[in-house]
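Dropping the structure in here first, questions after.
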Amino acid sequence: MGSTSPFKEKPHSFRRKLLPWTLYACVPILLIRLYFYPLPLSLFPADQINSSTNSVVLNPSSSSASASSPTLKVEEKTHVEVACDYTNGEWVHDKKGPLYNGTNCGTVKVGRNCMSHGRPDVGYLNWRWRPKQCRLPRFEPNTFLQLMRNKNLAFVGDSLARNQLESLLCMLATASTPNLFYANGEENKFRKWHFPSHNINVSIYWSPFLVKGTERSDDKGYNTLYLDSVDERWASEMDHMDMVVLYAGHWYLLPAVYHYENSVLGCHYCPGLNHTEIGFFDVFGKAIKTTLKAITERRGPSGNQIGVIVTTFSPAHFEGEWDKFGACPKTKPYEEGEKQLEGMNADMRNTQVQEVDAAKEDAKRFANLRLEALDVTKLALMRPDGHPGPYMHPFPFANGVSERMQNDCVHWCLPGPIDTWNEILLDIMKRWEGQSRRER
Ligand SMILES: *[C@@H]1O[C@H](CO)[C@@H](O)[C@H](O)[C@H]1NC(C)=O
Ligand SMILES: *[C@@H]1O[C@H](CO)[C@@H](O)[C@H](O)[C@H]1NC(C)=O
Ligand SMILES: *[C@@H]1O[C@H](CO)[C@@H](O)[C@H](O)[C@H]1NC(C)=O
Ligand SMILES: *[C@@H]1O[C@H](CO)[C@@H](O)[C@H](O)[C@H]1NC(C)=O
């Protein structure tokens with residue numbers, strides 16, 4: 001992953017220089033803005049809830065790689081050095097279906113539970129991502145739990161971070177039951193669970209920018225960001241984290257005023273404020289840089305291991321108007337070649353990957369820091385069928401099709417494609433564990 005990515009950055013950065021961001025980014029931004037604006041409070045925050053590679057085969061008997069395979073040793077060797085490129089692959093039919101039943105996983109946010117909201121088609125559940133270069137094993141909850149034993153895992157970011165966390169909790173809950181032991185903040189934006197079986201803590205921190213900022217409100221229609229200060233709501237607890245998964249992106253598309261080094265750097269979509277429009281790509285890069293730098297500077301010298309994962313931008317799939325039936329009506333993944341990663345999706349993803357690569361380079365002076373981009377943008381792009389759409393609300397068509405109808409084409413159904421993010425996460429963790437073993 002990372003610098004070995006198949007998505008060449010050149011065309012986009014070239015285009016970025018030639019064209020103002022508006023020309024090619026405005027359509028998705030408008031759609032996402034329309035989607036987020038009408039009820040920003042109910043969509044973003046948490047609400048009431050209770051409750052690699054094939055490289056290193058930790059447990060050969062239960063693993064994908066057959067122990068008797070004569071090529072196993074060779075495969076291990078090559079994969080250990082070179083991480084698999086997960087971005088290059090395709091969605092293939094998988095009869096096995098999902099690992100869990102969203103209806104009885106108590107941690108799923110109501111709006112993501114497509115099955116229990118009456119989504120009639122179930123085809124979207126039966127796909128698995130097949131990378132070209134390697135095999136991505138089905139999620140193994142017990143392996144994950146073993147690797148995290150006595151550790152503290154934190155998810156930090158916006159509602160997509162929460163979406164990924166909930167997918168993980170549902171998959172882990174098939175092997176071990178988590179106890180919610182902390183819930184705080186407006187609409188439970190900050191929560192922690194404990195897995196007594198393995199003494200693991202898993203937490204979620206609401207921080208849609210990762211850096212310091214205030215979210216737009218009724219009297220102030222724009223976000224305010226401080227690009228050179230990390231958000232202490234999560235960063236103040238960084239010392240206790242053994243692994244942190246970061247996700248930010250969609251909130252950067254919204255109107256905002258950006259502060260940097262004690263002055264206003266500019267803004268994005270702030271008519272009437274007399275600030276320079278600077279778009280959000282560079283701003284987003286600065287914010288990721290600040291975030292990763294804070295982790296490196298605070299955790300590097302401590303000597304304690306920390307793994308940092310940056311989940312890359314998750315594309316939305318609005319095809320028509322957000323409030324009309326059929327905003328994301330597809331029921332099948334795109335076929336290979338049917339959809340290219342380009343425009344804003346590619347630029348957001350490339351920004352993240354570049355910043356992770358730079359931070360990796362910087363972190364080389366510390367042996368205890370590992371960083372990786374969880375590069376899901378391409379595989380997510382190929383799944384227009386995986387969103388709740390109108391099923392963000394229960395049984396939306398109980399009274400027929402209404403004139404206006406909200407659609408969620410941003411978040412992912414649970415179970416759904418986002419489960420694959422965590423399969424890759426586990427693969428990265430296995431690779432890290434293998435590296436640690438060799439270093440010991
Ligand atoms: C999921 O669980 C619910 C409640 O336990 C059950 O009614 C339903 O049939 C299950 N669905 C599947 C697909 O197993
Ligand atoms: C969740 O909490 C509600 C009340 O707040 C309760 O009725 C429901 O049974 C709880 N569900 C689970 C899975 O604990
Ligand atoms: C989990 O959190 C509890 C409460 O904050 C703490 O006592 C415990 O040490 C934590 N365990 C791990 C493995 O971080
Ligand atoms: C906008 O900013 C410029 C430069 O800071 C200043 O000269 C100008 O008077 C400002 N205009 C308004 C309407 O505030």
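Counting starts at 1 for both ligands and their atoms, in listed order.
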inquiry  = As an exercise, state the distance from CH2 of W129 to NZ of K378, rounded to the nearest 0.5 Å.
reply    = 6.0 Å
inquiry  = For L210, is there any backbone N or O sitting under 3.5 Å from a side-chain donor or acceptor partner on D231?
reply    = no
key: For ligand 3, the residues whose heavy atoms come within less than 4.0 Å (ordered by chain, then number)   = N150, K151, N152, F181, N199, N201
Pair up each side-chain donor or acceptor in residues 304-314 with any protein partner under 3.5 Å, not counting sequence neighbours, and list the distances.
{"unit_1": "T311", "atom_1": "OG1", "unit_2": "Q164", "atom_2": "OE1", "d": "3.0"}
{"unit_1": "T312", "atom_1": "OG1", "unit_2": "L374", "atom_2": "O", "d": "3.4"}
{"unit_1": "T312", "atom_1": "OG1", "unit_2": "D375", "atom_2": "OD1", "d": "3.4"}
{"unit_1": "T312", "atom_1": "OG1", "unit_2": "V376", "atom_2": "N", "d": "2.9"}
{"unit_1": "T312", "atom_1": "OG1", "unit_2": "T377", "atom_2": "N", "d": "3.2"}
{"unit_1": "T312", "atom_1": "OG1", "unit_2": "T377", "atom_2": "OG1", "d": "2.8"}
{"unit_1": "S314", "atom_1": "OG", "unit_2": "W412", "atom_2": "NE1", "d": "2.9"}

task = Measure the shortest side-chain to side-chain distance between N368 and S302 over non-hydrogen atoms and say whether it is less than 4.5 angstrom.
result = yes
ask   = Pick one: which of T177, L172, N201, L169 meets side chain to side chain contact (heavy atoms under 4.5 Å, CB included) with W193?
value = L169
message = So for atom CG, which belongs to D218, do other residues, nucleotides or ligands contribute more than 12 heavy atoms lying within a distance under 6.0 Å?
response = no
